[in-house]
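What follows is a short report on a single structure.
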Amino acid sequence: MKTVLRMIGLLLGLAVVANVGFVAFVAARGIPSYAPPKPALAQVLATPERLAQGEKLVLAACADCHLNRETGALSGHQLRDVTPDFGAVYASNITQDNVHGIGTWTDAELVGLLRTGIGRDGRYRVITPKFVHMSDEDVASVVAFLHADNAMAQPGPTASHPQEPSLLLKALSNTVMKPVLLPTGPVGAPTLTDAVAFGRYLLVGRYQCFECHSKDFKTNNALAPEKSDGYLGGGNKLLNAQGHEVVSRNITGDPGTGIGDWSEAQLGQALRFGRGPNGPLGAPMPKYSQLTDAEVHALYAYLQTVPKIKNATPEDGVLASK
Ligand code: HEC
Ligand code: HEC
């Protein structure tokens with residue numbers, strides 16, 4: 001991670017002293033393009049199980065960015081909770097509209113984008129998450145849902161807004177926020193009976209909790225999540241929809257600054273309804289209203305095995321002064 005930090009320092013340093021060559025290079029190259037990923041995949045079979053699972057996953061992992069509250073569909077909107085340092089970022093229309101949405105994308109093209117961040121035209125979509133460790137079955141469920149007959153995915157004729165990336169985002173997309181390669185083999189998920197392993201899968205693969213709950217997006221490690229700086233120790237400075245800073249919280253078992261003293265039932269309340277034992281939880285923490293009891297149990301079991309980090313986040317200070 002030191003290398004990454006040094007790289008960011010170097011980049012910022014270069015930008016600050018306005019190294020004309022580098023800045024000109026980044027400005028001209030912009031967000032890079034690559035060869036479009038071509039996963040070996042035939043059409044996904046849309047079974048009833050996959051459609052139900054796909055709906056649950058899209059609501060938990062895509063809707064906060066792609067669901068437009070006005071249209072009630074996945075027609076996208078500006079993401080005001082992305083730091084303005086990155087410029088203006090707009091989630092795309094991913095309804096089945098043939099012109100503005102993903103109506104003409106094949107299942108394999110969607111899987112390629114979801115795994116790597118690279119679109120079928122080769123353009124790198126730097127802000128959409130890369131679902132590196134999501135199981136093939138869960139990815140298939142998402143894709144089946146996007147192509148199925150439901151209100152959220154029905155064609156919506158809203159044009160996707162072009163991105164307006166800042167120089168910093170362009171620089172990061174060429175260095176520390178690059179796309180990832182397609183998985184080289186099948187990606188599975190552990191079985192429910194191994195609660196700790198299944199909980200890790202939920203946290204790094206299915207719901208990507210570690211992305212927000214580690215120290216900083218820029219030092220997260222998509223391929224080896226546990227190597228992210230301050231893994232699950234909180235402190236990532238996020239924004240809510242009004243643009244106000246909300247710091248992610250420490251969810252390791254540290255008794256003073258983490259959630260070491262929480263019960264499994266308290267974790268379930270917090271995740272499903274945003275009700276923490278010490279008060280309500282607000283955006284951008286998603287509400288995982290469809291989490292099953294088995295998922296809560298697995299997340300709880302896994303979180304107890306994660307190395308504890310002592311890292312106070314703002315709410316700890318508030319509580320301490322009470
Ligand atoms: C953090 C916000 C965020 C989340 C969460 C997110 N996306 Fe995105 N997504 C974006 C943004 C922003 C873009 C546009 C990026 C660009 O054009 O550079 C995008 C682009 C896409 C595209 C490309 C569409 C096109 O026409 O280029 C697809 C497909 C997509 N997302 C699907 C998904 C799915 C499916 C999920 C959930 C499994 C998801 N995204 C979760 C922000 C998000
Ligand atoms: C988009 C970013 C984001 C994602 C993804 C996310 N969280 Fe959060 N989480 C937050 C933020 C921000 C807060 C603090 C909310 C506040 O201050 O109101 C929070 C709060 C929490 C809390 C309360 C901790 C405390 O000390 O009060 C728990 C527990 C938690 N998240 C667990 C999870 C789990 C488990 C997942 C995945 C299933 C997850 N979060 C996914 C951003 C996120």
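In listed order, ligands and their atoms are each counted from 1. Bear in mind the structure is a predicted one, so any value in this text is a computation, not a measurement.
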For [atom], the protein heavy atom that lies nearest, with its residue and separation:
atom                    : result
atom 18 (O) of ligand 2 : G282 N, 2.8 Å
atom 6 (C) of ligand 1  : P129 CD, 3.3 Å
atom 25 (C) of ligand 2 : R249 CD, 3.3 Å
atom 13 (C) of ligand 2 : M285 CB, 3.8 Å
atom 35 (C) of ligand 2 : L271 CD2, 3.5 Å
atom 38 (C) of ligand 1 : C62 SG, 2.5 Å
atom 41 (C) of ligand 2 : Y288 OH, 3.2 Å
atom 11 (C) of ligand 1 : A91 CA, 3.6 Å

Contact check, G276 vs ligand 2, heavy-atom distance below 4.0 Å: no
For ligand 2, which atoms have a heavy atom of [X] less than 4.0 angstrom away?
X    : result
I259 : 26 (O)
Y207 : 38 (C)
E315 : 26 (O)
L267 : 29 (C)
C212 : 1 (C), 2 (C), 3 (C), 4 (C), 5 (C), 42 (C), 43 (C)
I251 : 28 (C), 29 (C), 30 (C), 32 (C)

Within the 4.5 Å heavy-atom criterion, are [X] and [Y] side-chain neighbours or not?
X    : Y    : answer
R206 : E295 : yes
E211 : F217 : yes
W262 : Q269 : no
F145 : K56  : no

Whether S92 has an N, O or S atom under 2.8 Å from atom 8 (Fe) of ligand 1: no
Contact flag C65/atom 8 (Fe) of ligand 1, N/O/S atoms, threshold under 2.8 Å: no
Answer side chain, backbone, both or neither: which part of [X] comes under 4.0 Å from ligand 2, heavy atoms only.
X    : value
D64  : neither
L281 : both
T313 : neither

Heteroatom N/O/S of S248 within less than 2.8 Å of atom 8 (Fe) of ligand 2: no
Donor-acceptor contact below 3.5 Å, side chain D136 vs main chain V187: yes
N68 side chain to H77 backbone, donor-acceptor under 3.5 Å: no
Counting each atom of ligand 1 from 1 as listed, which ones have a heavy atom of [X] under 4.0 Å away?
X    : value
A61  : 5 (C), 37 (C), 41 (C)
L110 : 29 (C)
R123 : 16 (C), 17 (O), 18 (O)
L113 : 22 (C), 28 (C), 29 (C), 30 (C)
W105 : 25 (C), 26 (O), 27 (O)
V89  : 12 (C)
Y90  : 11 (C), 12 (C), 13 (C), 14 (C)
V142 : 35 (C)

Using heavy-atom distances only, which candidate in [options] approaches [atom] most closely?
atom                    : options                : result
atom 15 (C) of ligand 1 : K130, R120, R125, Q208 : R125
atom 34 (C) of ligand 2 : A60, G234, A270, C209  : C209
atom 19 (C) of ligand 1 : V139, T128, L74, V143  : T128
atom 9 (N) of ligand 1  : H100, Q78, R206, H66   : H66

E315 side chain to T313 side chain, donor-acceptor N/O pair below 3.5 angstrom: yes
Exercise: do Y201 and D194 side chains pair donor with acceptor under 3.5 Å: no
Ligand 1 contact by G119, heavy-atom criterion under 4.0 angstrom: no
L57, portion touching ligand 1 at heavy-atom distance under 4.0 Å: neither
Test side chain to side chain contact (heavy atoms under 4.5 Å, CB included) applied to L232 and I259, N311, L203, the passing residue: L203
Atom of H213 closest to atom 8 (Fe) of ligand 2, considering N, O or S atoms: NE2
